[in-house]
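Report on one structure; see the data block that follows.
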Amino acid sequence: MNRFRTIPLLMAALIILSGCRVEWSSSISKVEEEEKGFTLDLFSNLEKGMTYPEVVDVIGQPGIPEGEEDNGENDSVYRWEEDEKMVVISFQRGRLTMKEQFGL
């Protein structure tokens, strides 16, 4: 007679637990979202002497020219913005000479 009470209790427990699940993927995706975009590590990978195409490779997108666009071949300044973050890079003779960051 005990078996007949245990089986419905186990079935009820399984039904209740089947509605519960742990969202492991959501916590992983939040970490991945935080790591996307501009980071201080990404900024530190930008080195003096790099060309504009090399900088675009590191950042992953072209910059917004400050003044006339010349693809970094002459003296030029480009900026990259994302949310509250900004990176400004100066090129002289087509090479990175100065980099600044705000909000990283």
Answer yes or no: is there a donor N or O on one side and an acceptor on the other, between the side chain of T97 and the main chain of S90, under 3.5 Å? yes
Name the one of K85, Q101, Q61 that satisfies side-chain contact (heavy atoms from CB on, under 4.5 Å) with W80? Q61
Side-chain heavy atoms under 4.5 Å apart, restricted to Ile/Leu/Val/Met/Phe/Trp/Tyr: what other residues fall into the cluster of V77, or is it alone? M86, V88, F102
Derivation and outcome, side-chain contact (heavy atoms from CB on, under 4.5 Å), residues L104 and V87: CA-CA 9 Å; L104 297 185; V87 173; 4.2 Å; yes
Only counting residues at least two apart or in another chain, list the ones meeting side chain to side chain contact (heavy atoms under 4.5 Å, CB included) with E84. none
Steps toward side-chain contact (heavy atoms from CB on, under 4.5 Å) verdict (I59, Y78): CA-CA 12 Å; I59 294 179; Y78 286 84; over 6 Å; no
Quick one: pull up CG in L46 and CG in L96 and give me the separation to the nearest 0.5 Å. 6.5 Å
How would you list, by chain and number, every residue that makes a side-chain hydrogen bond (donor to acceptor under 3.5 Å, both in side chains) with E54, sequence neighbours excluded? T51
Approximate separation, where rounding is to 0.5 Å, of M50 CE and K99 NZ: 9.0 Å
Kindly compute the distance separating CG (D75) from CZ (F91), expressed to the nearest 0.5 Å. 11.5 Å
Sequence neighbours excluded, the answer for side-chain hydrogen bond (donor to acceptor under 3.5 Å, both in side chains) partners of E81 is R79
